[in-house]
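Below is one structure; the comments refer to it alone.
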There are 2 protein chains.
Amino acid sequence: MIHEKMVELVARRFQVLGEPCRLRILQALQGGPRTVNEIVGDLDGNQPNISKHLQILFDAGLVGRERSGNSVFYSVADPVVFKLCELVCRSTARHAAHLQQYAAGTRRRSGIQTHKSHLRSKVGSLQGVN
Amino acid sequence: MIHEKMVELVARRFQVLGEPCRLRILQALQGGPRTVNEIVGDLDGNQPNISKHLQILFDAGLVGRERSGNSVFYSVADPVVFKLCELVCRSTARHAAHLQQYAAGTRRRSGIQTHKSHLRSKVGSLQGVN
DNA sequence: TCACTATATAATTATACATGCATATAGCTA
DNA sequence: TAGCTATATGCATGTATAATTATATAGTGA
């Protein structure tokens with residue numbers, strides 16, 4: 001599957017994607033390149049914070065950037081991120097649906113929480129997610 | 001792209017995948033269900049640590065588990081993880097190749113580090129990765 | 001019941017990281 | 001040059017998390 005030497009790098013990429021603010025930035029870039037200020041306007045974060053997230057995305061090779069006069073345009077460098085988000089999104093929805101489906105009628109029979117018996121403690125936070 | 005209510009959940013999933021040890025666990029499960037002890041043997045971590053990572057994977061819905069006698073078998077719950085790893089792996093390899101390709105003949109002309117001028121500081125850690 | 005094995009959890013420590021504020025740097029225009 | 005805008009960076013702080021050790025829990029069999 002993953003060459004041992006790649007594991008750390010692949011994990012790092014997942015980690016970079018594992019930040020809500022950075023996912024929102026990538027969404028903001030889905031329509032095309034945008035300046036830092038535009039992104040700051042789209043999201044409601046402060047400029048230094050967005051800049052730092054952009055630097056992290058850039059280092060990971062997920063976005064590219066180009067200066068134009070006084071502004072810097074960022075853009076998505078590898079569209080695979082959208083594919084990834086789509087897959088994870090669907091998978092997450094499946095999981096949430098699965099939790100809700102079984103949450104009602106299960107009891108805790110043995111010590112270890114199997115998938116079904118573990119549901120009840122998590123579903124609460126998932127209501128209305130889809 | 002991602003519904004706003006989903007962003008946090010999707011990010012959490014990426015984050016769960018963004019840990020080398022957990023990726024290795026998923027790899028160990030690629031051939032089929034395995035007990036905790038078997039996984040501990042495959043990787044070289046200690047048992048409590050592996051158990052905690054397994055719990056995190058379980059909570060994220062990425063693995064399932066089933067007790068059999070005294071042992072607990074874990075298995076991959078959603079094969080999408082392999083697709084994700086494959087995509088990220090390829091993307092990472094592309095990025096690494098891109099870094100190496102341009103690393104040699106670039107100079108720093110302006111203050112902002114564009115993709116090419118930023119390469120030199122990163123390529124060192126990527127030698128021999130593919 | 002007791003001993004044994006397998007797994008999970010609690011407590012601790014160290015480290016990574018996101019955030020916010022202040023400030024520095026780069027480019028533009030006059 | 002000075003003054004302005006846009007972006008990046010340094011620093012401090014709080015929080016999340018991975019790893020380690022010790023211990024608890026669950027299941028098996030005598």
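Numbered from 1 within each chain, the chains take letters A, B, ... in sequence-line order.
A heavy atom closer than 4.0 Å to some atom of DNA chain D occurs in no member of residues 37-45 of chain B. The stretch residues 13-29 of chain B comes close to DNA chain D through B/Gln15, B/Glu19, B/Arg22, each having a heavy atom under 4.0 Å from the strand.
Residues in residues 36-48 of chain A take part in these salt bridge (charged side-chain N to carboxylate O under 4.0 Å, His left out) pairs, two or more places apart or across chains: A/Arg34-A/Asp42. Sorted by first and then second residue, the salt bridge (charged side-chain N to carboxylate O under 4.0 Å, His left out) pairs involving residues 70-85 of chain A (not counting sequence neighbours) are A/Asp78-B/Arg94.
For B/Cys89, the side-chain contact (heavy atoms from CB on, under 4.5 Å) partners are A/Ile2, A/Met6, A/Val10, not counting sequence neighbours. Remark: B/Arg24 pairs with A/Glu4, A/Glu8 by the side chain to side chain donor-acceptor pair (under 3.5 Å) rule, at least two apart or across chains. Partners of B/Glu86 under the salt bridge (charged side-chain N to carboxylate O under 4.0 Å, His left out) rule, at least two apart in sequence or in another chain, are B/Arg90. In this view, A/Gln15 and A/Arg12 satisfy the side chain to side chain donor-acceptor pair (under 3.5 Å) rule, not counting sequence neighbours. Under the side-chain contact (heavy atoms from CB on, under 4.5 Å) criterion, B/Asn49 pairs with B/Asn46, B/His53, not counting sequence neighbours.
Side-chain N/O atoms of A/Arg22 and A/Gln27 include no donor and acceptor closer than 3.5 Å.
When each of C/dA18, D/dA26, C/dG27 is scored by its nearest atom to the side-chain atoms of A/His53, the top-ranked nucleotide is C/dA18. Nearest to the side-chain atoms of A/Ser71 among the listed nucleotides C/dT9, D/dA8, D/dA6 stands D/dA6.
One can place CD1 of A/Ile56 at 14 Å from P of C/dA16, the figure rounded to the nearest angstrom. Regarding A/Glu66, its CD atom lies at a distance of 19 Å from the P atom of D/dA6, rounded to whole Å. Remark: C1' of C/dC21 and CG of A/Asn49 are 12 Å apart, rounded to the nearest angstrom. Spacing between atom CZ of B/Phe73 and atom P of C/dT7 amounts to 8 Å, rounded to whole angstrom units.
Regarding contacts with the backbone of C/dC17, a side-chain N or O of A/Arg12 is found under 4.0 angstrom from either OP1 or OP2.
For D/dA6, the base has no donor-acceptor partner in the side chain of A/Gln47 [N/O atoms by modelled type, under 3.5 angstrom]. One can find a donor-acceptor pair under 3.5 Å joining the base of C/dT5 and the side-chain atoms of B/Asn70.
Note on A/Ile50: nothing from the nucleic acid sits closer than 4.0 angstrom, heavy atoms only.
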Quick test: give all pairs of protein nitrogen or oxygen and nucleotides 10-13 of chain D nitrogen or oxygen below 3.5 Å, distance rounded to 0.1 Å.
| residue | atom | partner | partner atom | Å |
| --- | --- | --- | --- | --- |
| D/dG10 | O6 | A/Lys52 | NZ | 2.8 |

